[in-house]
Structures are given as structure tokens and as C-alpha cells.
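Side chains are part of it too, since the values below use all heavy atoms of this structure and drop only hydrogens, waters and symmetry mates.
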Amino acid sequence: MVTTSVDERHPGFGERGNGHGGHATHDVANQPAPLAPYDASDDIPLLEGLRREGAGWAEEDLRRLGRLAGSAQVQEWSEQANRHEPELRTHDRYGHRIDEVEFHPSWHHLMRTAVAEGLAAAPWADDRPGAHVARTAGGLVWGHTDAGHGCPTSMTYAAVPVLRRQPELAKVYEPLLTSREYEPGLRVPTEKRGLLAGMGMTEKQGGSDVRTNTTTATPTAEPGVYALRGHKWFTSAPMCDVFLVLAQAPGGLSCFLVPRVLPDGTRNTFRIQRLKDKLGNRSNASSEPEFDGTAAWLVGPEGQGVKTIIEMVNCTRLDCVMMSAALMRKTLVEAGHHVRHRSAFGARLVDQPLMRNVLADLALESEAATTLTLRLAGAADRAVRGDAGEAAFRRIATAVGKYWVTKRGPAFTAEALECLGGNGYVEESGMPRHYREAPLLSIWEGSGNVNALDVLRALGRDPATAQALLDELALSRGADARLDAAVVRLKDLLAEGAQVNARRLVERMALALQGSLLVRHAPPAVADAFCATRLGGDWGHAFGTLPAAAGLDALVDRALPDTA
């Protein structure tokens with residue numbers, strides 16, 4: 001890894017009164033140098049998981065992407081894209097309705113890189129086993145930048161398997177969605193070198209209860225083409241080229257493809273009423289569009305909208321897990337860098353036992369999240385290639401992982417921020433941006449309750465999903481008594497199946513699954529600490545409460561990259 005000395009990054013660093021006319025009150029001491037440049041792929045569990053899940057062939061590219069993600073320039077792009085938020089322009093200077101959103105150039109730099117690196121829909125055009133794992137690993141690395149632009153790349157990735165339900169549409173759009181060319185601006189889709197996709201599911205009266213949608217779809221004289229009328233409540237990335245939308249057709253709730261620009265070059269009716277003023281994810285534009293005679297093409301049969309679009313949801317839920325794990329890793333690296341270079345009470349923070357306990361606990365949580373993310377990506381990759389067992393495992397484990405990892409994100413990020421003290425509460429540190437980002441991933445693609453209920457639904461409709469999860473857990477049987485006991489308790493809870501216990505059930509599923517993966521694949525110190533705390537109960541209610549015998553030094557040394 002290429003590192004830069006403090007003196008190279010800060011000419012004159014340490015000179016008394018530098019830049020302040022010699023006033024000693026402005027001396028800067030005991031402050032870390034900026035983290036960038038660093039290598040975002042310098043992550044042992046990530047690289048081990050990449051190889052284990054069949055994408056070791058992508059390691060060289062992943063390492064290159066990691067160095068790029070951690071570069072000073074790209075970190076600056078990320079900050080600028082959030083400081084200069086997207087702006088809505090409903091009309092041009094002459095009064096024509098245009099409904100466009102303007103972004104800072106840094107947004108386009110990030111998007112262009114992400115698409116070129118295959119982080120959108122490129123894996124669907126890649127026949128190599130592990131292609132979807134490689135994309136997820138790339139997202140874990142590129143997630144060290146800005147989270148907002150991960151929304152359109154995620155939706156573009158997830159749109160392809162849905163469009164395949166309508167082969168004639170897939171034939172036209174799939175080659176452009178899987179392209180590695182980023183071409184912003186609204187034009188006829190087939191005249192562009194690459195496309196992005198968004199989706200519009202929720203409406204104000206229903207939210208996640210999409211079956212209550214009131215947007216109507218009226219058939220036109222052209223077969224398969226409908227006219228939509230209604231108002232969507234959350235439609236992210238409105239400058240995407242095409243959208244998958246749910247609306248009520250004569251045969252029931254159905255899925256439709258809505259292009260922003262029609263084949264004849266005219267603008268489709270897509271009136272953006274406003275952009276959402278969000279807690280986080282502010283670099284990404286989330287909008288409320290109004291449809292009024294909007295042309296839309298049916299995807300899948302009428303009345304099967306949820307069944308058609310559910311594959312998109314499965315894909316974007318995996319990306320929620322991925323982005324939460326990436327955010328954990330990013331904030332852990334930031335915290336580790338700070339405590340290595342700051343002293344208090346006569347010693348470096350990183351050398352103080354209580355701080356090492358906090359870092360070790362965060363490192364344990366981060367490794368469990370990363371390991372689970374890559375296992376889910378491996379299941380998705382093998383399911384796409386026809387593995388029925390992995391498809392059943394993916395069906396339940398993705399919802400389980402989405403519930404748990406995204407729930408852990410906000411508490412994790414808050415603790416990492418606290419490692420920086422007051423410095424972490426200042427916008428310049430970047431930590432407040434990460435903290436605001438964390439809750440979104442639990443809300444997006446179904447809140448905690450929605451995912452927990454989805455697990456119950458899967459168990460009730462397809463017993464093969466429960467068996468797939470138990471088969472996975474059986475791979476570690478006998479390796480750790482605490483894990484074995486947790487699986488027994490899980491089986492007892494599975495037999496109850498009561499909605500009131502859904503969160504407890506899914507939490508135990510997630511912890512048992514993470515424990516099983518770590519017992520099989522992580523060093524003994526990591527697996528033992530996880531089983532002792534998360535499964536055995538030798539843990540407090542906040543991070544930094546690991547038992548003294550947990551091997552803190554081994555956990556910290558494994559987790560923290562070499563940052564100058």
C-alpha cells in the first residue's frame with residue numbers, strides 16, 4: 001500500500017505558528033493527519049470471503065478499486081457530492097416543463113466510476129461464476145465513498161432479472177443496462193450507450209403496503225402499453241432512464257416499465273412535484289413524481305405485480321446489507337486511524353485497554369457483517385446459475401441479513417463516531433454524514449417489521465427455506481457448544497411461528513448464521529469472541545463490553561489496516 005508521510009501531506013506541519021504570524025496559540029499538535037490516501041480493500045475478512053465465494057479471480061481489480069476509493073481525490077468527490085445537493089428544475093427559462101435534477105460534477109465522477117467498475121448491472125452480462133460476488137465485494141470497497149450514488153447503481157442491477165419476465169423488453173434494454181458506460185442526460189434510451197433504472201413502488205397512503213396503491217393503469221390501443229395516472233411517494237434517482245413502477249391494471253396490481261423519454265424523442269409525463277428533504281443520503285435525489293397519461297409497458301402478467309418485482313427487491317435487499325457492512329467498515333477504519341494517532345492521559349488511545357475493547361467489539365461486528373454479506377452474495381450467484389438449494393437459502397437468509405445487519409448499523413456508527421470524541425461530531429470529519437446514512441438502510445426495501453414478517457411468510461409458504469437455513473447451520477454442528485445451544489433455541493422458536501416473536505426469531509437466525517460462518521471461516525479468536533458474546537451472553541448492552549479473555553489484541557490487529 002502506498003502511504004504518504006505527514007510532512008508530505010502538510011508542508012510545514014509542526015512549525016510553530018505556521019500560517020498565523022508566529023502565534024503559538026495556533027500550534028497544532030496531537031491531531032491525526034487525514035486518513036486519505038488509504039486502501040479500502042485492505043480488509044482481511046473481505047478478501048477471504050471473496051476467494052471463498054468463488055470470485056478470487058477479481059482480487060486484483062478489487063485491490064485497485066480499493067486504492068481508488070481511499071484516494072484523496074475520490075474522498076473529496078464524496079464530500080462535495082453531499083455538500084452540493086441535487087437541485088430540481090421543473091421548467092426551463094422559457095416556461096417549458098422539463099422535470100430535471102441537476103447534480104454536482106462530483107456526483108457524475110462517482111457514478112461514472114461505479115458503472116465502469118461493474119457495480120451496476122454488469123454481472124448479468126458476465127458468465128463467470130462469482131460475477132455477482134465480485135460486484136458485492138466491489139460495493140463493500142466502493143462503499144467507503146458516498147452512499148447516495150449506490151441507489152441508482154443498485155436499482156439498475158436489480159432491474160435486469162425483472163425485465164427478463166418480458167423477453168421482448170429485455171432484448172431491447174438489457175444490453176444497455178448491463179453496459180459499463182455512464183451517459184447522463186435524458187434522451188431516447190436506445191440512442192444511449194448505457195442506461196440506469198429506478199423504481200416507483202410506494203404511495204403516500206400505503207408505504208410498504210403496495211397492494212393499496214391507487215395509481216391506475218389503463219390499457220391503450222397498442223398491445224402491452226398502458227397509460228398511468230397517479231402519484232408516487234418515494235421514487236429515487238429521478239434522472240434514471242427507465243423505471244419499474246407498480247400500478248392497478250384491470251387485472252390487479254401490475255408491474256410496468258416507464259421510460260423518461262419515449263421512442264419518438266418526446267418526454268414522457270413524469271412531473272416531479274418535489275425532492276425529499278431527507279435525514280441522510282442527501283447526494284441522491286428522491287422524488288415524488290406525478291403520472292398523468294404516462295406511457296408504460298407491462299412487465300409480467302397483469303395482477304402479478306408483486307410477484308414480478310420481488311426479484312428486484314431481493315437484489316436491492318442484498319445491497320442494503322452490503323452498504324451497511326461497508327458503512328461499518330468505513331467508520332471502523334476512521335475510528336482506528338484516529339485512536340492510533342491521538343493521545344490522552346499519557347498514552348495513545350489505541351493502547352488504552354478500554355478503547356481496545358471498543359475497537360475489538362466493533363471489529364467483531366464488522367467482520368460478522370462482511371462475512372454474512374459475502375455468503376449471501378455467493379448464494380445469489382449460485383441461485384442465478386440454477387442451484388435450487390442456494391435459491392431457497394437466499395430467499396430466507398437475505399431477509400434475515402437485511403433485518404439484522406442494517407439494524408446494527410446505526411448503533412455501530414454512533415460508537416465509531418464517539419471514538420473521535422468531539423472531533424467526530426463535527427461535519428468536517430465526515431462521521432456525521434455516515435451516522436445520518438445508517439438508518440436509511442434499515443428503512444429502504446422494507447423496515448425491520450416488514451423484513452421480519454417476510455421471513456415468517458417465507459417459512460409458511462415454502463418449508464424448504466427453513467430447511468436450507470438449518471442445513472447451513474448444521475455445517476458447524478459440534479464446533480462450539482454455545483452455537484449448538486443457540487441452534488436448539490432457534491428450532492424451538494421456529495416451532496412457535498407467532499408474529500409477536502418475529503423480530504426475536506429473525507435476530508436469533510441472524511446471530512446463529514453469523515456464528516456458524518465465523519466458526520467455519522474465521523480465526524479461533526474471532527469465532528470464540530463472537531460465540532461467547534453474541535450467543536453465550538457474556539456481553540453488555542453497548543459496544544466495548546467484551547470479556548477480558550476475548551483476545552482483544554488479536555481482534556484489533558486483524559481488523560485495522562495500515563494507515564499512516
Between [X] and [Y], is any side-chain donor less than 3.5 angstrom from a side-chain acceptor?
| X | Y | result |
| --- | --- | --- |
| T331 | T413 | no |
| Q75 | E79 | no |
| N284 | N281 | yes |

Quick one: do [X] and [Y] make a salt bridge, cutoff under 4.0 Å?
| X | Y | answer |
| --- | --- | --- |
| E183 | R112 | no |
| D43 | R63 | no |
| E437 | R433 | no |
| E48 | R558 | yes |

| task | Provide the full list of side chain to side chain donor-acceptor pair (under 3.5 Å) pairs with a residue in residues 144-154, sequence neighbours left out, each pair given once. | result | Y38-H144, N82-D146, W142-H149, D146-H149, D146-S283, S154-D319
Donor-acceptor pairs under 3.5 angstrom involving side-chain atoms of residues 509-523: please list them, not counting sequence neighbours.
from : atom 1 : to   : atom 2 : distance (Å)
Q514 : NE2    : A368 : O      : 3.4
S516 : OG     : S476 : OG     : 2.8
S516 : OG     : R520 : NE     : 3.3
S516 : OG     : R520 : NH2    : 3.0
R520 : NE     : S516 : O      : 3.2
R520 : NH1    : E472 : OE2    : 3.4
R520 : NH2    : E472 : OE2    : 2.9

| said: Is there a side-chain contact between T371 and L46 in this structure, where contact means two heavy atoms from C-beta onward sitting under 4.5 Å apart? | reply: no
| Quick check, are the ring centers of H132 and W124 under 6.0 angstrom apart? | yes
| task | Assign the ring pair H337 / H341 to parallel, tilted or perpendicular, where the plane angle (0 to 90°) is split at 30° and 60°. | result | tilted
